[in-house]
Amino acid sequence: EMSPEEAAFQDKVDADIKIEPRDWMPEGYRKTLIRQIGQHAHSEIVGQLPEGNWITRAPTLERKMILLAKVQDEAGHGLYLYCAAETLGVSRDDLTEQLLSGRMKYSSIFNYPTLNWADIGAVGWLVDGAAIMNQVPLQRTSYGPYSRAMIRICKEESFHQRQGYDIMMKMAQGTPAQKRMAQDALNRFWYPSLMMFGPSDAESVHSAQSLAWKIKINSNDELRQKFVDQTVPQAEYLGLTIPDETLAWNEEKGGYDFAEPDWSEFFQVLKGNGPCNVDRLTARQKAWDDGAWVRDGLMAHAEKKRAAKVA
Ligand code: FAQ
């Protein structure tokens, strides 16, 4: 049975009226949003690491400037999202501590290494491609601050995807060795990219409630299907092969049939056992520790000002 407040809340959601920070909301709605927005923010921040790894080794000055700008954009996305989460009554420090202690997640994709320059192309093309597929509908999510953050983020994200595809074009049309690198990057990033959309609908614990609350607009499998349908022709244009022998156009459904990723690998990565989980959290812990003097300085300054005011 829904309480009268809950029924009024659901009516607003159903009528596509945005929920704002001071509005009444069910505790579960607040908790789910903190989890999802917080994980999303952490993903943007941790997501800087695999690409940051290649800034010093970008092949030209132009590529270096573009990659630097992209990685900076991701820091900005993280900040918008932490601010959106803060409107729900959680602090950014608290979210960071939850990330570092392993109580909060970040996207599985960032636990895979970027081994060479072609990987930076594949990350932009596939990882940002998957990110946009998920984030465009989130511009219509029911929570106002999250939806407004998504509008700004999506504009930059589409530039990111294009820069990745541009790298892939250069590599795929380059020497035979460069084309082999592009194919190898696609081979390694294909299934991890499919995993970004989350477990199958049957395994997705949060989907039903999140869809009813319009925190999510589409199910995990719907978005995964759309991503495959969009990406296959892009791979064909590059002259590259999707590493899935079962991939076939299905006229009846108007989409591709494709192989599921290895879900046992996905759940292992979520448990902390992916190739780079330890490295990523070590890097974030070091950044947090190295920044302690800034936080201490700000606190000391605020304390001094407060004392001066009292006196
Ligand atoms: N990785 O019940 P569901 C980017 C967890 S894009 C890790 O289906 P939900 C841009 C899930 O949290 C990447 N964990 O969950 C960029 C839950 O565990 P919990 C970030 C995952 O929330 C590009 C459990 O599995 N984007 O950063 C993943 O309804 C390039 C059950 O799953 C977003 O976060 C996963 N892939 O649906 C930056 C978008 N999938 O918490 C740098 C917003 C699921 O109960 C470079 N988020 N889990 O312990 C969403 O849309 C949703 O949260 C989903 C998952 C669709 C990811």
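Both counts, for ligands and for their atoms, begin at 1 and track the order of listing. Residue numbers start at 1 and run along the sequence shown. Only heavy atoms go into these numbers, but all of them, side chains included; no hydrogens, no water, no symmetry mates.
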Undergrad: Walk me through it: do W263 and M195 pass the test side chain to side chain contact (heavy atoms under 4.5 Å, CB included)?
TA: CA-CA 8 Å; W263 289 117; M195 293 174 192; 4.3 Å; yes
Undergrad: Hey, is F110 touching ligand 1 through its side chain, its backbone, both or neither, going by heavy atoms under 4.0 Å?
TA: side chain
Undergrad: Show which atoms of ligand 1 fall inside a sub-4.0 Å distance from at least one heavy-atom site of N134.
TA: 39 (C), 43 (C), 50 (C), 51 (O), 56 (C)
Undergrad: Evaluate whether atom OH of Y237 has more than 12 neighbouring non-hydrogen atoms of other residues, nucleotides or ligands under 6.0 angstrom away.
TA: no
Undergrad: Between K70 and ligand 1, is there a nitrogen or oxygen pair with a distance under 3.5 Å?
TA: no
Undergrad: Please state which protein non-hydrogen atom is closest to atom 31 (C) of ligand 1 and give its distance, to 0.1 Å?
TA: V205 CG2, 3.8 Å
Undergrad: Give the atoms of ligand 1, by number and element, whose distance to some non-hydrogen atom of D128 is under 4.0 Å.
TA: 23 (C), 30 (C)
Undergrad: Taking non-hydrogen atoms only, is K216 closer than 4.0 angstrom to ligand 1 via side chain, backbone, both or neither?
TA: side chain
Undergrad: Regarding K70 and E74, does a basic nitrogen lie under 4.0 Å from an acidic carboxylate oxygen?
TA: yes
Undergrad: Give a yes or no on whether R57 atom CZ has more than 12 heavy-atom contacts from other residues, nucleotides or ligands under 6.0 Å away.
TA: yes
Undergrad: Are any of the heavy atoms in S210 under 4.0 Å away from ligand 1?
TA: no
Undergrad: Check each heavy atom of K105 against ligand 1 and say whether those closer than 4.0 Å belong to the side chain, the backbone, both or neither.
TA: side chain
Undergrad: What protein heavy atom sits nearest atom 11 (C) of ligand 1, and how far away is it?
TA: R35 NH1, 3.9 Å
Undergrad: Give the residue and atom name of whichever protein heavy atom lies nearest to atom 13 (C) of ligand 1, and the separation in Å to one decimal.
TA: S107 CB, 3.7 Å
Undergrad: Tell me: protein heavy atom nearest atom 4 (C) of ligand 1, and distance?
TA: E44 OE2, 3.9 Å
Undergrad: Ion pair present between E157 and R162, side-chain N to carboxylate O less than 4.0 angstrom?
TA: no
Undergrad: Quick test: of every protein heavy atom, which one is nearest to atom 42 (C) of ligand 1, and how far off is it to 0.1 Å?
TA: E74 CD, 3.2 Å
Undergrad: For ligand 1, is H160 a contact, meaning one of its heavy atoms is under 4.0 Å away?
TA: no
Undergrad: With the threshold set at 4.0 Å, does a side-chain nitrogen-carboxylate oxygen contact exist between D184 and R188?
TA: yes
Undergrad: Is it the side chain (CB and beyond), the backbone, both or neither of Q48 that lies under 4.0 Å from ligand 1, heavy atoms counted?
TA: neither
Undergrad: Under 6.0 Å from the six-membered ring centre of W54 and within 45° of its axis: does the NZ or CZ of R63 meet both?
TA: no
Undergrad: Using a 4.0 Å cutoff against the non-hydrogen atoms of G47, which atoms of ligand 1 qualify?
TA: 42 (C), 46 (C)
Undergrad: So, is E157 polar-close to ligand 1, with some N/O to N/O distance under 3.5 Å?
TA: no
Undergrad: Any protein heavy atom at under 4.0 Å, with atom 38 (C) of ligand 1 as the reference point?
TA: yes
Undergrad: Aromatic rings H40 and Y146: how do their planes relate, parallel, tilted or perpendicular, breaks at 30° and 60°?
TA: perpendicular
Undergrad: For a quick check under 3.5 Å, do S264 and D262 share a side-chain donor-acceptor pair by atom type?
TA: yes
Undergrad: Of all the atoms in ligand 1, which lie at a distance below 4.0 Å from a heavy atom belonging to M195?
TA: 36 (N)
Undergrad: Would you mind running through ligand 1 and noting each atom that sits below 4.0 Å from a heavy atom of M196?
TA: 6 (S), 36 (N), 57 (C)
Undergrad: Please give me the minimum heavy-atom distance between G254 and D229, naming the atom from each residue.
TA: O-OD2, 4.2 Å
Undergrad: Just let me know how E203 lines up against ligand 1, side chain, backbone, both or neither, with a heavy-atom cut-off below 4.0 Å.
TA: neither
Undergrad: I need the nearest protein heavy-atom contact for atom 40 (N) of ligand 1: residue, atom name and distance, please.
TA: G198 CA, 3.2 Å
Undergrad: Atoms of ligand 1 less than 4.0 Å from F197 heavy atoms?
TA: 56 (C)
Undergrad: Counting each atom of ligand 1 from 1 as listed, which ones have a heavy atom of Q39 under 4.0 Å away?
TA: 12 (O), 41 (O)
Undergrad: Please state which protein non-hydrogen atom is closest to atom 3 (P) of ligand 1 and give its distance, to 0.1 Å?
TA: S204 OG, 3.4 Å
Undergrad: Consider only side-chain N and O atoms of Y112 and D119, and report whether a donor and an acceptor are under 3.5 Å apart.
TA: no
Undergrad: Where is the tightest heavy-atom contact between F266 and S108, given as atom of each residue plus distance?
TA: CE1-OG, 3.8 Å
Undergrad: Heavy atoms only, cut-off 4.0 Å: how does N220 contact ligand 1, side chain, backbone, both, or neither?
TA: side chain
Undergrad: Counting non-hydrogen protein atoms only, what is the nearest one to atom 36 (N) of ligand 1? Give residue, atom name and distance.
TA: S108 OG, 3.1 Å
Undergrad: Looking at K18, I'd like to know if its NZ atom is crowded, meaning that more than 12 non-hydrogen atoms belonging to other residues, nucleotides or ligands lie closer than 6.0 Å.
TA: yes
Undergrad: Apply salt bridge (charged side-chain N to carboxylate O under 4.0 Å, His left out) to K12 and D23, showing your working.
TA: CA-CA 11 Å; K12 270 169 82 175; D23 295 345; 3.2 Å; yes
Undergrad: Backbone, side chain, both or neither: what part of Y106 comes under 4.0 angstrom of ligand 1, heavy atoms only?
TA: backbone
Undergrad: Going through the checks in order, is the side chain to side chain contact (heavy atoms under 4.5 Å, CB included) test met by E1 and E6?
TA: CA-CA 9 Å; E1 255 321 276; E6 220 170 328; over 6 Å; no
Undergrad: Is it the side chain (CB and beyond), the backbone, both or neither of V269 that lies under 4.0 Å from ligand 1, heavy atoms counted?
TA: neither
Undergrad: Which ligand 1 atoms does L270 reach within 4.0 Å, using its non-hydrogen atoms?
TA: 1 (N), 5 (C), 7 (C), 14 (N), 25 (O)
Undergrad: I need the contact type for H206 against ligand 1. Using non-hydrogen atoms and a strict under-4.0 Å cut-off, is it side chain, backbone, both or neither?
TA: both
Undergrad: With heavy atoms under 4.0 Å as the rule, classify the contact between F267 and ligand 1 as side chain, backbone, both or neither.
TA: neither
Undergrad: For S219 and D221, which I'm curious about, is there any donor-acceptor pair between the side chains at under 3.5 Å?
TA: no
Undergrad: Check whether any side-chain N or O of T96 sits under 3.5 Å from a backbone N or O of R92 as a donor-acceptor pair, and report yes or no.
TA: yes
Undergrad: What I want to find out is whether K214 reaches D16 closely enough, with some N-O distance under 4.0 Å, to be called a salt bridge.
TA: yes
